[in-house]
Protein chains: 2
Amino acid sequence: MYDFDSNRPIYIQLMDHIKMQIVAGAFSAGSKLASVRDLASDFGVNPNTMQRALSELEREDLLFAQRTSGRFVTADQQKIDGLRKQLATEYVQQLLETMKRMGYGKKDLLSLIQSIMEEM
Amino acid sequence: MYDFDSNRPIYIQLMDHIKMQIVAGAFSAGSKLASVRDLASDFGVNPNTMQRALSELEREDLLFAQRTSGRFVTADQQKIDGLRKQLATEYVQQLLETMKRMGYGKKDLLSLIQSIMEEM
DNA sequence: AGTACTGTACTAATGACATGATACAATAAT
DNA sequence: ATTATTGTATCATGTCATTAGTACAGTACT
């Protein structure tokens, strides 16, 4: 089961989540994933939806499938590290732009971040 | 015209954008908006889609309509200020959680933010 | 040899989103 | 009074996401 945002396609959210697990090291490079059906069951979605998410991740060369033995995380650790850096940069850039549009200056933003960090 | 993300409903993106303009002060409290048809034309969407976005913002008490004279931003400046703070907090919290899931510690995150800030 | 599991493919049904095209009632402007 | 503009409502159509159900081909295991 999983908590989905109804305003975005589920397969996209699945992609994001799995991508996150890979870059965070929860799925290490080269390791084997559960089967499509099992993953679908874990997340409470239809196997077709999970299949779609995994296929897309395959097109991005993050996963690869072996027709009958299963699906695996890419063995290319450099690619994973690169993605981690890229995702982090994108997320931060997006936040900075959003905050800028709301009229937050750099100092305002930094102090807000500091105060929220302390609460966590 | 506007650059939409095809993975999210347009009316939601319109809501976000208009909300942002309000909290940023581009539309000041109590001021009048352009007509549904004009706004739809500006953003390159169907009037029905724009109508939907505006109706939703009305349900959130950010706008109010006067049946024949037009649509206006709420006159409640406190509500706008509160929303600004709320949105900013949510965005920052979300980033912090995401970065944490990717294995970024507080120091790593802060230095990444600093370096990206300097590029902008 | 046979069974179970793998990814993969296909069809059909449903619902949400978006667009196009009209139409109406109420008010402002002329 | 007439006209233009306002928000609003409705209907039809097309696309996409999601689910359900079924099926097939290849491999590992027993």
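Proteins get letters first, then strands, A, B, ... in listed order; numbering begins at 1 in each.
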Exercise. Roughly how many Å is it from CG in B:Asn7 to P in D:dC16, rounded to a whole number?
Worked result: 12 Å
Problem set entry | Among C:dT19, D:dT6, C:dT6, the nucleotide that comes nearest once only the side chain of A:Asp38 is considered | C:dT6
Seminar exercise, completed: Rounded to the nearest 0.5 angstrom, the CE-CE distance for B:Met102 and B:Met99 is 4.5 Å
Exercise. Do A:Thr89 and A:Gln86 meet the criterion of a side-chain donor-acceptor pair at a distance under 3.5 Å?
Worked result: no
Seminar exercise, completed: Taken to the nearest whole Å, CD1/B:Ile12 to C1'/C:dA16 is 11 Å
For this session: Among the candidates D:dG7, C:dT19, C:dT6, find the nucleotide nearest to the side-chain atoms of A:Arg37.
Result: C:dT6
Problem set entry | Near-strand residues of residues 50-62 of chain A, defined as heavy-atom separation under 4.0 angstrom from DNA chain D | A:Arg52
For this session: May I ask you to say whether B:Glu56 pairs ionically with B:Arg52, meaning some side-chain N is under 4.0 Å from a carboxylate O?
Result: yes
Problem set entry | Length of the NZ-P vector between B:Lys32 and C:dT27, whole Å | 14 Å
Exercise. Which nucleotide in the set D:dA17, C:dT6, D:dT19 lies at the smallest distance from any side-chain heavy atom of A:Tyr11?
Worked result: D:dA17
Exercise. Side-chain donor-acceptor pair under 3.5 Å between B:Gln66 and B:Ser69, yes or no?
Worked result: yes
Exercise. Tell me: CZ of B:Arg8 to C1' of D:dC16, nearest whole Å?
Worked result: 17 Å
Exercise. From the list D:dA17, C:dA23, C:dC10, which nucleotide is the closest neighbour of the side chain of A:Asn48?
Worked result: C:dC10
For this session: Indicate, with a heavy-atom threshold strictly under 4.0 Å, whether B:Arg71 touches base, sugar-phosphate, or nothing.
Result: sugar-phosphate
Exercise. For A:Asn46 and C:dC10, what is the distance between atoms CG and C1' respectively, to the nearest whole Å?
Worked result: 13 Å
Exercise. For B:Gln66 and D:dG7, what is the distance between atoms CD and P respectively, to the nearest whole Å?
Worked result: 11 Å
Problem set entry | Shortest side-chain distance from A:Ser35, nucleotide among C:dG7, D:dG7, C:dT19 | C:dG7
Exercise. When the nearest nucleotide of DNA chain D is assigned to A:Ser69 and to B:Ser69 on a heavy-atom basis, which residue is associated with the more 5' position?
Worked result: B:Ser69
Exercise. Given atom CZ of B:Phe64 and atom C1' of D:dG7, what is their separation to the nearest angstrom?
Worked result: 14 Å
For this session: Classify the side-chain pair B:Gln94/B:Glu90 by whether it contains a donor and acceptor separated by less than 3.5 Å.
Result: no
For this session: Nearest whole angstrom, please: distance from the C1' of C:dT19 to the CZ of B:Phe4.
Result: 13 Å
Exercise. Hey, which of A:Leu63, A:Leu83, A:Leu33 is the one that makes side chain to side chain contact (heavy atoms under 4.5 Å, CB included) with A:Ile22?
Worked result: A:Leu63
Exercise. Counting distance only, does the side-chain N/O of A:Ser31 pair as donor-acceptor with the main-chain N or O of A:Phe27 below 3.5 Å?
Worked result: no
Problem set entry | Selection from D:dT19, D:dT8, C:dA26 that lies nearest to any side-chain heavy atom of B:Thr68 | C:dA26
Exercise. Pick the nucleotide of DNA chain C nearest each of A:Leu33 and B:Thr49; which residue has the one closer to the 5' end?
Worked result: A:Leu33
